[in-house]
Amino acid sequence: MLETDIRELNERIQRESQFIDLLQMEMNKVIIGQKHMIERLLIGLLANGHILLEGVPGLAKTLAITSLASAVDAKFSRIQFTPDLLPADLLGTLIYSQKKEEFVIKKGPLFANFILADEINRSPAKVQSALLEAMQERQITIGDTSFKLDEPFLVLATQNPIEQEGTYPLPEAQVDRFMLKVVINYPKKEEEKIILRQNITGKQAKINQVLTTKEIIKAREIVREVYLDEKIENYITDIVFSSRYPKDYKLGQFENMIAYGASPRASINLALAAKAYAFIKRRGYVIPEDVRAIAHDVMRHRIGLTYEAEAENVTSEDIINEILNTVEVP
Amino acid sequence: MKRAISILIFMLTIILSPAVHAQNVEAFSSIDSTSIMIGDQVTMEIGIGIPNGFTVDWPTFADTLTSHIEILKTDKIDTLVETEKLTLKQRLLITSFDSGFFEIPAVTFNFKHEGDTTQFTANTNKLFLNVYTPVVDTSQAFKIIKGPISEPYTFKEALPWILLALAIAAIVILVIWYLRKRKRNQPVFSRKAKPLPPPHITAIKKLEELRLAKIWQQGRMKLYYTQLTDITREYMEGRYHFDALEMTTDEILETLKEQKANKEIVGKLGASLHLADLVKFAKAQPTALENDLSLSHCVDFVNETKEVIVAQAEEEKDVQPKTEKSE
């Protein structure tokens, strides 16, 4: 029934996506609940997009990222962002070697596959931009030498929405470079009980490595092959355009509430993330459900609100909800 | 004898000439009272009696008769036609704000015989008017000057203000109405929509049109399934009042479950919608049987879930039809 290439792709996905269950199983050993967050981490991993995690302290943001890094045979660096951090602390620097009588390059912690940028908003703009440049260019220049970063290169940054004093909020242009902004909520009551039991025993479950970087790169290639029909492309552009020109999409009530709409990066990332989501669901094609599933995470940090919106307590979440409820599904 | 005839002709000429008739003209004037208190009003009448065949140039008055006497009102000229005589009269309402004894001068009337250019004049008699001031009793104490007497407002005075208030109220209501319309994104002026046919009638009609169009037989599979799902989702919007066009297949099926629609029918519809998704988004090429079956499932869904108006036998007894959901 399906055309040969999509049927063949479906079969390949069935074969190549088995690691997803294993990876989720390993992460679930230490992370209770937070299915949404784990799924988004996988999307970032498969769609080659960086992720910004936002949530109050203690929601296992850091633990989830370290667990993911542990389950993958890859180099992992954790950088705690502080106000006195310098770009060289991330990128590396030239150090004079007395033995060699020359300057040698000392690579920084960004030379890794998984970077955990913990509390990214605690460092000043120069440090943030050093990291974000590496995220975009996927290469680092120290002195006269440029170094291509190893693939996969995934930055997982965290920030908490409270304690805004002494923080340096990421500028809109830099937030846009994150494929997803995932908002993490408190666990459910039952999940909290399991977390409690697991932690008072003092025994930490050991996470096994179940995935190699080669497998990730291979999976990424398949994800790019996932079929995205023109109807889905139209649906994605309609969603993005409705955030820019709400009046044209029967969303006139948001005309004065949106300062700026989602950028073309939003369209690109919606498509890529939808493909990765379809892959996770073992499908070789994207359906509207995939777009809707990741729309909030892709768009919430890409819609700028006006003072009127803030005065009326309208959030970007409300706007995205209304967009999804108004834009016609193909 | 000749001399006697000549004298007779001469006498007749003199008797019958207009000048002789002019001698019968009588101008007159009178006044109601010859003595008034300062500011009081009195009616003065002027007039002239002339033989028929004469015309009078009636004198025109400004707002004063003399420097001391003012004219407040001038009536129309009253005409009295008798057998041989014509009497013209006019009443003037006059007053004076100066005290003293004043002469009202004679009024001059000019008149002439019709067809003749010779002008004649007649003057009324002079009149006198004594205007006196109130007698002040200086032995009495001075009294405080009274303020203006306040008159009650009449409806005529209040009417412009009432109309203004109504106009302002109407403008305020219009502005509020317009802002509400704008906030709800509704058109300011809209014609009352004609009542639409029930959603199932429209859906069945469109599904039949789709079947007859033989779209999938022409290899346009995607268009066929797009139209099929659009018709079905539009029906759901009309029937269950949820935004089916803005929902994905899974969301639609979930909502139908919540609406407690027939599970079997929803199951078959779900299969058709999922198949449509495969065609629309995954280049699927269903078999001819699957194409027909998908349409049948949609038709069955519409027929099984439509709202039925129960026409009861009592309808003739003025019993209102009642709506029943067939699930």
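Order of the sequence lines sets the chain letters (A, B, ...), proteins ahead of strands, with each chain counted from 1. Bear in mind the structure is a predicted one, so any value in this text is a computation, not a measurement.
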Exercise for the section: Please assess D21(A) against R282(A) for the test salt bridge (charged side-chain N to carboxylate O under 4.0 Å, His left out), listing each intermediate value before the final yes or no. Expected result: CA-CA 11 Å; D21(A) 288 337; R282(A) 315 291 202 276; 2.7 Å; yes

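Counting heavy atoms of neighbouring residues, nucleotides and ligands inside a 6.0 Å radius, atom OH of Y260(A) exceeds 12 of them.
Salt bridge K206(B)/E234(B): present, at least one basic N to carboxylate O contact under 4.0 Å. By the 4.0 Å N-to-carboxylate-O rule, E221(A) lies too far from R224(A) to be salt-bridged with it.
For the 3.5 Å distance criterion, the side chains of D318(A) and T315(A) qualify, holding a donor opposite an acceptor. Of the N and O atoms on the side chains of E289(A) and T248(B), at least one donor lies less than 3.5 Å from an acceptor on the other residue.
For chain A, no part of R184(B) is nearby; none of its heavy atoms comes within less than 4.5 Å. Proximity to chain B is absent for every atom of L228(A), based on heavy atoms less than 4.5 angstrom apart.
For the atom pair D290(A) CG and F279(A) CZ, the distance stands at 13.0 Å (nearest 0.5 Å). Rounding to the nearest 0.5 Å gives a distance of 13.5 Å between NZ of K283(B) and OH of Y285(A). The distance from the CG atom of L45(A) to the CG atom of L211(A) is 7.0 Å, given to the nearest 0.5 Å.
Test E215(A), E151(A), E16(A), E225(A) against R220(A) for salt bridge (charged side-chain N to carboxylate O under 4.0 Å, His left out) and you get one pass: E151(A).
Contacts of residues 293-313 of chain A with chain B at a heavy-atom distance below 4.5 Å are absent; not one residue qualifies. Residues of residues 222-232 of chain B that come within less than 4.5 angstrom of chain A, heavy atom to heavy atom, are K222(B), T226(B) in numerical order.
Of the listed residues (G284(A), P330(A), G252(A)), the one with the most heavy-atom contacts under 4.5 Å to chain B is P330(A). Taking chain A as the reference chain and counting heavy-atom pairs below 4.5 Å, the highest number among D243(B), V279(B), D250(B) is found for D250(B). Across R182(B), R233(B), K183(B), the residue that shares the most heavy-atom pairs under 4.5 angstrom with chain A is R233(B). Chain B forms more heavy-atom pairs under 4.5 Å with one residue of I287(A), V329(A), V286(A), D229(A) than with any other, namely V329(A).
Without hydrogens or angle criteria, Q34(A) side chain to N185(A) main chain gives a donor-acceptor distance under 3.5 Å.
Geometrically, R239(B) does not engage Y235(B) in a cation-pi contact defined by less than 6.0 Å to the ring centre and at most 45° from the axis.
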